[in-house]
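Here is how names work: the chains are called A, B, and so on, in the same order as the sequence lines, proteins then strands, and each is numbered from 1.
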2 protein chains.
Amino acid sequence: MTTDNNDADGSFDAALAARICWHYFKEGQTQELIAQQLNLTRKRVNRMLGEARERGLVQITIQRPLGLCSELESRLTNMFGLRHAIVVPSPIGNTDVRVLVGSAAGDYISDHLTPGAALGITWGGTINAAAQSVRRRSGEANRVVLLCGGLAESTSINPYDNASMMARALDARCYYITAPMFAASAELRDLLLVSEPVRSVLAMVPKLDLALLSAIDLTDQSKALEYGVISWNDWRSLRAAGAVGDICGHYLDADGNLVEHSLTARVINPSIKSLQVIPLRVLAAGGASKVSIVRAAIKAGLCNVLITDESAATALVRR
Amino acid sequence: MTTDNNDADGSFDAALAARICWHYFKEGQTQELIAQQLNLTRKRVNRMLGEARERGLVQITIQRPLGLCSELESRLTNMFGLRHAIVVPSPIGNTDVRVLVGSAAGDYISDHLTPGAALGITWGGTINAAAQSVRRRSGEANRVVLLCGGLAESTSINPYDNASMMARALDARCYYITAPMFAASAELRDLLLVSEPVRSVLAMVPKLDLALLSAIDLTDQSKALEYGVISWNDWRSLRAAGAVGDICGHYLDADGNLVEHSLTARVINPSIKSLQVIPLRVLAAGGASKVSIVRAAIKAGLCNVLITDESAATALVRR
DNA sequence: CCAGCTGAGACCCATTTGTGACGATTCTGG
DNA sequence: CCAGAATCGTCACAAATGGGTCTCAGCTGG
């Protein structure tokens with residue numbers, strides 16, 4: 001009874017969990033019965049089901065289009081000239097909208113990432129959720145490129161974490177920018193950009209097939225602020241300079257123009273141009289706080305596929 | 001609030017159902033809360049959730065490989081030289097094994113049917129379940145070809161029904177053999193085989209990319225008998241002639257050889273040869289009663305991908 | 001016009017599920 | 001070997017779920 005955990009995780013019997021999930025979700029049996037048959041306690045079955053869902057071992061897909069949302073989708077597509085728009089219902093409970101949008105993003109990736117294709121990703125809760133809900137595949141020679149530098153201080157959500165999760169789910173080779181998100185000085189940044197291995201990873205960006213981008217906002221609910229990615233001071237001065245958020249380290253104002261700021265000279269990221277030539281630039285962001293930066297990103301040509309939620313979509317199509 | 005039912009079905013609000021499913025499965029809210037938010041009764045939400053699952057509007061996928069089964073899978077693959085083998089847990093309740101195997105078959109189709117590809121299918125409960133659980137797609141120019149004739153008397157599961165469901169799920173053009181499964185006489189069969197439109201549909205078969213085949217057994221639990229597809233007399237004489245079942249109307253003995261019988265001269269179906277050249281010949285069949293015919297099908301070169309359940313797989317690898 | 005049918009909501013109840021408390025068992029580090 | 005921690009099973013209970021019945025309104029066909 002070998003349990004080959006290809007997950008880098010010791011204490012979780014994926015084989016057993018999969019079997020339990022099968023009987024529960026596919027066969028529709030009761031947890032009690034499954035426990036009896038498998039010689040487990042009901043409690044155990046219950047917990048493993050929960051854990052399996054959390055780990056994305058069971059994937060639940062809802063047939064699109066999602067009705068009401070599809071009208072918003074076509075209006076977004078037409079209004080902004082997008083390739084695709086996907087709108088999911090806004091949470092009615094206190095669920096994190098990022099999980100929902102991310103889940104839809106994972107589905108989108110699963111459907112549009114062809115074998116052998118290269119995927120660029122950024123970081124954040126949305127991307128994290130996407131990685132969790134992307135359909136597992138193996139042996140399709142995909143590559144994942146992380147489009148930003150790392151954070152030394154491990155927050156709950158770390159770029160390297162995001163990338164590694166996504167790569168694991170896709171059985172992809174993963175390329176990291178081995179540099180901080182913000183270099184200590186502009187000089188250091190310029191140095192790092194042209195030095196290996198950062199240079200060659202950044203050189204991959206224009207050849208990516210698909211980029212999964214997230215939007216960092218600069219509202220007072222900004223996660224970047226909460227996680228301490230940017231200082232309170234930077235937050236204030238960025239806002240003062242007109243920035244409404246950033247895409248992959250490019251700070252934009254409401255019209256999609258680049259904002260100059262002391263921080264922008266220290267960011268280690270792919271150039272705007274190299275992002276703009278990626279065929280599918282998927283921006284996944286939901287919630288009211290992301291509306292401005294999403295609109296800016298579209299204007300800046302950084303997004304031709306939008307995945308968002310109903311509330312943000314409604315705000316976007318107004319005006 | 002337009003409800004565009006592209007399903008050929010009046011009384012079912014797919015948009016609403018999708019929204020309910022989203023809040024329930026993705027967001028994890030309670031039926032009560034969803035009902036409140038959407039101004040529905042809890043009962044209604046409950047019923048729509050059930051209906052949505054039945055209609056395959058929500059798809060639940062469990063990350064493969066399914067542990068214990070994966071050992072059986074590799075043994076099957078090696079022992080019979082298959083391209084793939086997929087083994088799902090046998091039902092522990094009184095669930096129909098065909099639904100489970102069919103569901104796995106639907107997943108397989110979803111993963112392996114490339115855009116523009118042509119899919120041949122047969123009929124039966126397994127295929128029905130597969131059609132229900134295949135991931136919906138649209139605009140991918142797939143084609144579905146039904147590989148057998150029809151049954152005039154509408155049983156609960158009719159070939160034309162299966163084909164139409166599958167085609168609808170894939171947004172595919174569907175090609176039917178406009179002839180009975182068994183012609184009234186051998187002469188009529190020969191006539192039909194060379195006459196339009198039967199001839200040209202059969203001519204498509206060798207060019208199919210993927211065939212989803214089911215196995216009809218001749219045990220005393222045979223569904224063919226139950227549904228009255230073959231008479232009790234034929235059943236007896238076919239068994240007496242050594243047949244253990246049929247694949248797409250080709251009756252085989254335990255070693256995979258064709259069985260001669262008065263019935264075989266009246267079957268309207270694609271030739272063995274034309275089936276054998278299809279790159280992916282997926283046989284989906286589970287349960288103890290199918291073991292012999294599955295083994296025969298593999299020997300006859302009618303199957304290079306097998307989807308079955310644990311009990312059948314165990315029996316197959318023994319001996 | 002009315003008996004009968006159908007579908008939907010209201011209400012009710014048995015089952016199933018999620019979760020917390022508590023005690024037993026195993027693991028771990030000294 | 002032992003103390004403490006972590007894990008796991010048992011029990012209990014509240015919440016959530018899935019069916020059932022009942023009733024009523026609207027419609028149907030005679």
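- Interface limits on DNA chain C: the 5'-most and 3'-most nucleotides within less than 4.0 Å of chain A heavy atoms are dT16(C) to dG20(C).
- Every side chain to side chain contact (heavy atoms under 4.5 Å, CB included) that K223(B) has, sequence neighbours left out, goes to R98(B), E226(B), Y227(B).
- Applying the side chain to side chain contact (heavy atoms under 4.5 Å, CB included) criterion to A130(B), with sequence neighbours excluded, gives A105(B), M166(B), L212(B).
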Donor-acceptor contacts, no H, no angles, side chain residues 31-44 of chain B, under 3.5 Å, sequence neighbours left out:
{"residue": "Q31(B)", "atom": "OE1", "partner": "N46(B)", "partner atom": "ND2", "Å": "3.1"}
{"residue": "T41(B)", "atom": "OG1", "partner": "R44(B)", "partner atom": "N", "Å": "3.2"}

Quick one, give me the B/S/- string for nucleotides 12-19 of chain D, reading 5' to 3', where B means a protein heavy atom under 4.0 Å from the base and S means that only happens at the primed atoms, P, OP1 or OP2. B---SBBB

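- Remark: A313(B) engages L72(B), L76(B), V87(B), T308(B) in a side chain to side chain contact (heavy atoms under 4.5 Å, CB included) (not counting sequence neighbours).
- With sequence neighbours excluded, the residues forming a side chain to side chain contact (heavy atoms under 4.5 Å, CB included) with R75(B) are E71(B), V317(B), listed by chain and number.
- For D309(A), there are no salt bridge (Lys or Arg N to Asp or Glu O under 4.0 Å) partners, not counting sequence neighbours.
- When the side chain to side chain donor-acceptor pair (under 3.5 Å) test is applied to S133(A), no partner is found at least two apart in sequence or on another chain.
- Every residue meeting the side chain to side chain donor-acceptor pair (under 3.5 Å) condition with N128(B), not counting sequence neighbours, appears here in chain and number order: N162(B).
- Between the CZ atom of R44(A) and the P atom of dT10(D) there is a distance of 11 Å, given to the nearest Å.
- Between the CD1 atom in I62(B) and the NE2 atom in H23(A) there is a gap of 9.5 Å [rounded to 0.5 Å].
- Note that the two end axes of the helix from dC1(C)-dG30(D) to dG30(C)-dC1(D) enclose an angle of 40°, each drawn from 5 base pairs, rounded to 10 degrees.
- Scored by the ring-ring contact (aromatic ring centres under 6.0 Å, His included) test, Y160(B) finds Y176(B) as partners (sequence neighbours excluded).
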